Trainee: 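Starting off with a structure, shown below.
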There are 4 protein chains.
Amino acid sequence: MAGNTFGKIFKITTFGESHGTGIGVVIDGCPAGIELNLAYIQHQLNRRKPGQSKIVTQRKEADEFEILSGVFEGKTTGTPLTLFIANTNHKSKDYDHIKDKLRPSHADFTYRQKYVNRDYRGGGRASARETAARVAAGAIAQQILEQKGIVITAYVSQVGPLEIQQPKEELDFSLIEATPVRCPDISRAKEMEAYIKQIKKEGDTTGGVVSCVIQGCPVGLGEPIFDRLHAELGKAMLSINACKGFQYGSGFDGVCMRGSEHNDIFINDNGTIKTTSNYSGGIQGGISNGMDIYFRTAFKPVATIMRPQPSVDVNGNSVTVTGKGRHDPCVVPRAVPIVESMAALVLIDYYLLARTDHF
Amino acid sequence: MAGNTFGKIFKITTFGESHGTGIGVVIDGCPAGIELNLAYIQHQLNRRKPGQSKIVTQRKEADEFEILSGVFEGKTTGTPLTLFIANTNHKSKDYDHIKDKLRPSHADFTYRQKYVNRDYRGGGRASARETAARVAAGAIAQQILEQKGIVITAYVSQVGPLEIQQPKEELDFSLIEATPVRCPDISRAKEMEAYIKQIKKEGDTTGGVVSCVIQGCPVGLGEPIFDRLHAELGKAMLSINACKGFQYGSGFDGVCMRGSEHNDIFINDNGTIKTTSNYSGGIQGGISNGMDIYFRTAFKPVATIMRPQPSVDVNGNSVTVTGKGRHDPCVVPRAVPIVESMAALVLIDYYLLARTDHF
Amino acid sequence: MAGNTFGKIFKITTFGESHGTGIGVVIDGCPAGIELNLAYIQHQLNRRKPGQSKIVTQRKEADEFEILSGVFEGKTTGTPLTLFIANTNHKSKDYDHIKDKLRPSHADFTYRQKYVNRDYRGGGRASARETAARVAAGAIAQQILEQKGIVITAYVSQVGPLEIQQPKEELDFSLIEATPVRCPDISRAKEMEAYIKQIKKEGDTTGGVVSCVIQGCPVGLGEPIFDRLHAELGKAMLSINACKGFQYGSGFDGVCMRGSEHNDIFINDNGTIKTTSNYSGGIQGGISNGMDIYFRTAFKPVATIMRPQPSVDVNGNSVTVTGKGRHDPCVVPRAVPIVESMAALVLIDYYLLARTDHF
Amino acid sequence: MAGNTFGKIFKITTFGESHGTGIGVVIDGCPAGIELNLAYIQHQLNRRKPGQSKIVTQRKEADEFEILSGVFEGKTTGTPLTLFIANTNHKSKDYDHIKDKLRPSHADFTYRQKYVNRDYRGGGRASARETAARVAAGAIAQQILEQKGIVITAYVSQVGPLEIQQPKEELDFSLIEATPVRCPDISRAKEMEAYIKQIKKEGDTTGGVVSCVIQGCPVGLGEPIFDRLHAELGKAMLSINACKGFQYGSGFDGVCMRGSEHNDIFINDNGTIKTTSNYSGGIQGGISNGMDIYFRTAFKPVATIMRPQPSVDVNGNSVTVTGKGRHDPCVVPRAVPIVESMAALVLIDYYLLARTDHF
């Protein structure tokens with residue numbers, strides 16, 4: 001398996017398992033001379049970490065990171081920047097009972113078949129705990145991008161059947177953190193929260209949607225033909241645990257529209273060429289056009305439920321699987337900083353790549 | 001722009017523009033000793049080519065390919081395999097009038113900003129004509145995969161508001177070619193065809209959805225964490241012109257489901273471990289699980305419409321753009337072989353990569 | 001075999017065989033807006049092409065290139081730039097007699113074992129004819145680099161036992177083309193030429209050394225740790241047919257020196273930091289230091305000799321191999337533009353990469 | 001700087017600096033199910049580590065590694081395998097006096113110019129300490145390769161002007177560790193040792209040559225055109241600190257030979273095709289031919305000498321630099337396991353790649 005690296009210029013390689021010594025990330029290609037805002041990194045990790053509210057898993061992890069390399073006198077040196085987060089609260093015992101059992105809709109079966117020697121504790125490498133490493137790296141990318149005015153904001157726009165009701169143009173992003181759900185439509189957020197609590201009480205789980213807006217992106221990012229900006233964003237999002245779909249701009253809704261409705265009309269806005277609508281989602285021909293980039297990502301219901309389910313073990317014998325341990329009833333509130341991080345990793349990579357467009 | 005290569009082991013690099021000498025593809029990493037079925041390559045090219053029916057663009061291109069390298073005595077040699085398709089029917093004159101105009105929802109503006117020196121004729125490199133090169137390469141991947149029993153089938157499942165009505169389990173794939181729409185639900189296909197004709201008559205265009213099923217995929221393909229099988233499939237699809245979204249398995253519908261409904265239960269089916277449902281879409285933890293792989297891709301309405309639209313030129317002056325030339329009212333019938341091809345390119349790549357899982 | 005691509009940003013992929021339709025190259029990542037000097041490309045191809053003088057192979061190839069994509073109105077568009085050189089004078093009949101014979105010190109045996117289906121005509125893909133594609137691409141890189149004052153000059157510094165006698169600091173590069181040997185030490189060049197003619201008359205071949213100097217390289221090119229500038233130059237040179245060794249700066253001679261002799265002392269030369277000697281060969285820690293980059297490459301004697309040699313065929317039966325066709329008695333005069341081209345491809349790639357050092 | 005990854009399938013990424021928390025390596029793509037021989041990893045690290053004998057630097061580092069990820073129940077899991085070696089004996093104070101001084105023939109100047117923010121302590125990232133991470137990874141590659149009978153052996157063949165005297169065919173590799181010099185020609189080794197001690201006493205340093213033989217390599221490894229086996233080996237060696245040259249087979253000596261002498265004649269040795277001589281160095285056309293692979297690497301004299309040298313500081317002011325701290329008078333004895341490790345990393349990568357030659 002050599003799929004643990006992401007990016008072309010600003011490249012990250014993550015490592016570690018849910019119940020090993022910890023998880024980490026090597027960033028190769030981070031520009032030199034960047035003064036790191038360590039508090040922001042921790043802030044983003046805290047938004048992802050378990051135990052932060054009643055509606056997420058109660059595993060307690062400090063998720064404090066240490067820097068193993070690449071920083072000198074507070075600034076990046078252009079050499080590999082390594083961050084490590086020790087595992088402190090793993091309860092591997094919780095997993096002994098499922099050592100040989102194949103949990104439904106988990107990666108147990110496929111990892112077992114592919115690698116044979118599988119770390120079953122807490123999902124091993126397949127655990128979403130790995131995403132903490134991405135968030136640490138993404139937080140660095142975000143703070144660099146913000147120097148150029150590129151701001152990435154994700155939020156929960158759907159939990160189970162409950163969709164956000166305010167139009168996205170009217171949302172107040174300062175309210176995202178106002179509720180543990182991370183939906184800026186507060187009244188809807190409260191309903192979502194109640195829904196998640198109810199689902200949890202029933203020992204069940206639900207899915208959700210995370211939306212993301214990128215503001216301030218300059219024109220010209222994206223590398224056609226295969227490495228279109230939205231194609232890389234799509235891959236980035238689909239690489240997040242439990243993500244089942246990606247759409248940008250009009251997405252699947254655009255299918256029903258006519259060209260005459262869907263086309264974004266160009267205008268000259270005081271010397272800047274803009275479009276009057278933005279069904280293109282800020283990307284045309286795979287290249288950013290200067291408008292807001294907008295996309296949505298679907299997350300399936302968490303596979304671990306607190307109810308007995310029939311299954312088989314690795315030998316094909318019938319068994320019953322019942323969730324133990326501490327798990328999320330709905331993954332989207334914690335997915336918000338992960339989506340932001342993966343978007344930031346794509347954006348910074350393409351920002352640097354675009355410097356080579358001309359000689 | 002160095003984004004014209006796709007794949008890790010079985011790597012394709014495409015080149016060429018809509019109105020240049022032609023378009024082509026170099027396949028590097030094609031296994032040696034493969035006897036090429038040239039007729040199948042042409043068959044797939046014919047399914048993509050313009051002018052094949054009343055509901056697609058009337059540009060006439062033979063789309064006949066020639067092999068420039070990599071084949072000896074009818075078989076691949078393991079060296080770069082190059083296919084070239086000459087452009088014969090380009091009418092560059094059709095584009096003189098829009099030389100400096102920015103067509104709404106086309107790549108004119110972004111290419112102009114990014115590269116400055118832009119071949120405006122027929123969309124240049126941004127034209128969907130480039131996908132013929134992918135289909136040629138994909139047809140080779142498909143014929144190799146079929147030797148291992150892996151069969152990839154795409155079809156149209158929605159045109160504008162008209163969704164396919166038969167459940168996907170009941171579809172008869174032998175009917176896909178029975179109508180020019182390439183929807184195997186024949187009665188619905190006829191409605192779709194009528195809808196496209198009506199839209200065309202109105203000088204307008206519509207979007208659609210292409211669905212794809214991969215049968216016979218072995219367990220174990222996919223390279224977590226970032227190069228999950230569905231993440232690469234997603235990127236591959238999103239790299240196709242006009243594609244706005246990708247979802248696999250339950251996709252966006254899965255968001256509303258509960259874990260207890262959505263989990264696919266493992267059973268022992270005469271020694272083979274299978275699942276009773278397939279909301280996972282044949283992929284768990286980013287790795288194929290042996291069930292059918294299933295995904296859907298959204299295509300927006302074609303941007304070129306036969307009606308006047310306001311826009312600006314490259315200098316920001318107000319202009320009117322009216323579509324000339326020969327264009328598709330709906331892209332999905334021709335997108336079917338493109339979706340199959342990109343899926344085949346991903347599958348063959350991951351098939352070869354999986355050989356390195358163990359020593 | 002997926003090793004036909006070179007470079008990270010300015011990436012070339014070559015294709016084609018000695019006796020196929022032709023050979024070509026796709027350049028992906030060539031900056032947009034470059035006005036191509038087609039005459040210079042042809043000039044470099046002419047320096048490499050067969051039949052140019054009495055001391056090289058008499059195969060007659062025009063080696064005229066055509067541009068298949070990536071240029072619009074004389075300038076690059078940032079999209080894949082493809083050049084193709086048709087084969088016109090291949091005499092495949094010359095190779096029928098060795099179809100199954102393994103020519104000593106050729107790639108016949110290894111290609112046969114690795115790929116089984118081998119194009120034996122003229123060495124197929126293993127032929128040095130492939131290097132014409134590199135020269136075409138390299139000539140483009142060279143003309144771009146020269147805009148920034150980076151000048152790459154290669155010359156023959158040894159033929160068989162005859163080493164160049166003038167110190168490299170005293171060489172007059174304008175004399176390189178004064179003799180067919182391409183050694184700027186004219187009196188030595190004449191001896192080399194006579195030596196090659198003598199060797200040829202005896203039906204034998206000889207080796208040689210090509211030296212290369214890169215002037216005007218800015219400080220800061222090179223990507224430690226693994227992608228040091230000299231490591232990539234070394235790989236580039238060693239990828240040329242018949243190249244057996246690479247050394248830069250003091251190279252193997254430096255082994256015998258002491259640190260106190262070998263260290264290059266830094267001085268302040270009117271505000272520019274330079275070194276008084278240059279045993280480092282212009283590269284320190286894998287990064288260019290602004291001094292001339294200097295390296296040497298060893299080429300073995302050509303394997304095809306006009307004398308009978310014992311060998312075996314693919315089945316292990318004893319056979320006799322006698323060179324037919326038209327071959328070089330010594331490869332280094334024609335290797336000069338190839339060395340320059342590969343150096344230019346490395347330099348332009350690292351020049352573009354260095355743009356991402358800081359944000 | 002994104003050049004800290006090496007390999008295509010078995011990929012390593014190293015991180016860390018001389019005087020930071022430590023150095024480490026992530027191996028992505030290590031096959032699953034490999035039982036690690038931890039003692040062998042430590043054995044190779046011990047051969048590289050400082051303080052092991054009188055003729056190397058007296059810095060005392062335990063160079064004990066810990067495994068941070070990728071191993072479960074003693075075997076690899078196919079997920080990223082991370083090893084970390086803490087720095088324990090760094091004396092950063094030794095470097096305060098040269099904080100702004102440019103040490104001759106070090107990377108101080110180039111890193112300063114390229115990255116500006118430079119960790120000057122002990123050379124920072126440019127320190128050869130980084131090679132410990134390579135040795136840890138290489139030791140794993142070596143133990144895997146040995147399962148297939150591929151054995152890699154490096155030894156010192158020259159120190160300053162003292163070349164090994166026994167022909168390489170007569171060397172007894174079991175004697176390599178018999179002396180601290182790691183030259184299996186014992187009487188010559190003793191002279192080399194005395195020479196190094198003398199040089200050290202004079203406060204000076206010397207260069208040397210490390211030779212390497214790879215036995216048991218199967219036919220067919222190597223990826224023409226650019227990724228020829230010897231080109232990748234050359235790059236691997238040239239990426240080692242202080243390496244100035246690489247030659248394989250006949251190398252630079254082959255330049256003076258005639259084709260009739262140099263050609264390796266094929267014979268049928270009881271059903272196996274071999275060559276009677278091996279000037280090709282086990283590689284033809286960039287692909288291994290089953291004979292021993294043989295190459296030599298040149299190392300320059302260590303730049304840090306215990307004598308005052310004139311130089312400038314970062315502002316161009318004249319200064320005097322005098323080596324302090326603990327340094328090697330000659331690097332080649334400690335380079336032996338590094339050369340083996342880099343060779344092993346190339347071989348395992350190409351071994352795995354060759355599995356994709358046929359479908």
Side-chain angles (χ1 to χ4, degrees), chain A residues 2 5 7-11 13 26-37 69-70 75-82 140-150 218-228 285-287 344-345 347-359, chain C residues 2 5 7-11 13 26-37 69-70 75-82 140-150 218-228 285-287 344-345 347-359:
Chain A
T5 296
K8 300 172 216 304
I9 297 288
F10 190 102
K11 288 165 68 174
T13 301
V26 184
I27 307 174
D28 194 15
C30 183
I34 303 290
E35 190 164 345
L36 290 185
N37 181 341
S69 69
K75 291 184 181 171
T76 60
T77 58
T79 65
L81 176 51
T82 308
I140 293 171
Q142 269 179 284
Q143 61 188 254
I144 300 173
L145 290 167
E146 290 196 5
Q147 292 177 17
K148 302 287 180 186
I150 304 172
V219 186
L221 306 196
E223 300 297 322
I225 297 300
F226 296 109
D227 298 340
R228 292 168 199 246
I287 300 166
L345 291 166
L347 265 284
I348 197 167
D349 208 35
Y350 279 70
Y351 191 98
L352 292 167
L353 272 173
R355 293 213 176 136
T356 64
D357 287 344
H358 295 271
F359 195 71
Chain C
T5 296
K8 299 172 218 303
I9 297 288
F10 191 102
K11 289 165 67 175
T13 301
V26 183
I27 307 174
D28 193 15
C30 183
I34 303 291
E35 188 163 348
L36 290 185
N37 180 341
S69 69
K75 290 184 182 173
T76 59
T77 58
T79 65
L81 176 51
T82 308
I140 293 170
Q142 270 179 284
Q143 61 188 253
I144 300 174
L145 289 167
E146 290 196 5
Q147 291 177 16
K148 302 287 180 184
I150 303 172
V219 186
L221 307 195
E223 301 297 324
I225 298 296
F226 296 109
D227 297 340
R228 290 167 199 248
I287 300 166
L345 291 166
L347 265 284
I348 197 166
D349 208 35
Y350 279 71
Y351 190 97
L352 292 168
L353 272 173
R355 291 209 178 142
T356 65
D357 287 344
H358 296 271
F359 194 71

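Just so it is clear: chains get the letters A, B, ... in the order the sequence lines come, proteins before strands, and each one is counted from 1. Predicted model only: the values in this text are computed from it and were never measured.
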Trainee: Contact part of C:F10 toward chain A, heavy-atom cut-off under 4.5 Å: side chain, backbone, both or neither?
Mentor: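 Contact with chain A involves no heavy atom of C:F10 at all.
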
Trainee: Excluding sequence neighbours, so at least two apart, what forms salt bridge (charged side-chain N to carboxylate O under 4.0 Å, His left out) with A:D349?
Mentor: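 Testing A:D349 for salt bridge (charged side-chain N to carboxylate O under 4.0 Å, His left out), a comparison that skips the adjacent residues, returns none.
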
Trainee: Who passes side chain to side chain contact (heavy atoms under 4.5 Å, CB included) against A:S69, sequence neighbours left out?
Mentor: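 Once residues adjacent in sequence are excluded, the partners of A:S69 under the side chain to side chain contact (heavy atoms under 4.5 Å, CB included) criterion are A:T82, D:F15, D:E17.
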
Trainee: At what distance, to the nearest 0.5 angstrom, does CD of C:E223 lie from CG of A:D28?
Mentor: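 One gets 9.0 Å once the value is rounded to the nearest 0.5 Å.
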
Trainee: Please report the C-alpha distance between C:T79 and A:I225 in whole Å, then the side-chain angles of each, then the deciding distance to 0.1 Å, and finally whether the side chain to side chain contact (heavy atoms under 4.5 Å, CB included) criterion is met.
Mentor: CA-CA 9 Å; C:T79 65; A:I225 297 300; over 6 Å; no

Trainee: Which heavy atom of A:H358 sits nearest a heavy atom of C:A32, and at what distance?
Mentor: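 The answer is ND1-O, 3.3 Å.
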
Trainee: Measure across A:Q147 and C:F359 and return the closest heavy-atom pair with its distance rounded to 0.1 Å.
Mentor: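 Closest heavy-atom pair between A:Q147 and C:F359: OE1-CD2, 4.2 Å.
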
Trainee: Go through the atoms of A:I144 and report whether side chain, backbone, both or neither lie under 4.5 Å from a heavy atom of chain C.
Mentor: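 Interface part for A:I144: both.
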
Trainee: Measure C:L352 against the heavy atoms of chain A and call it side chain, backbone, both or neither at under 4.5 Å.
Mentor: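 For C:L352, the contact with chain A is made by backbone and side chain together.
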
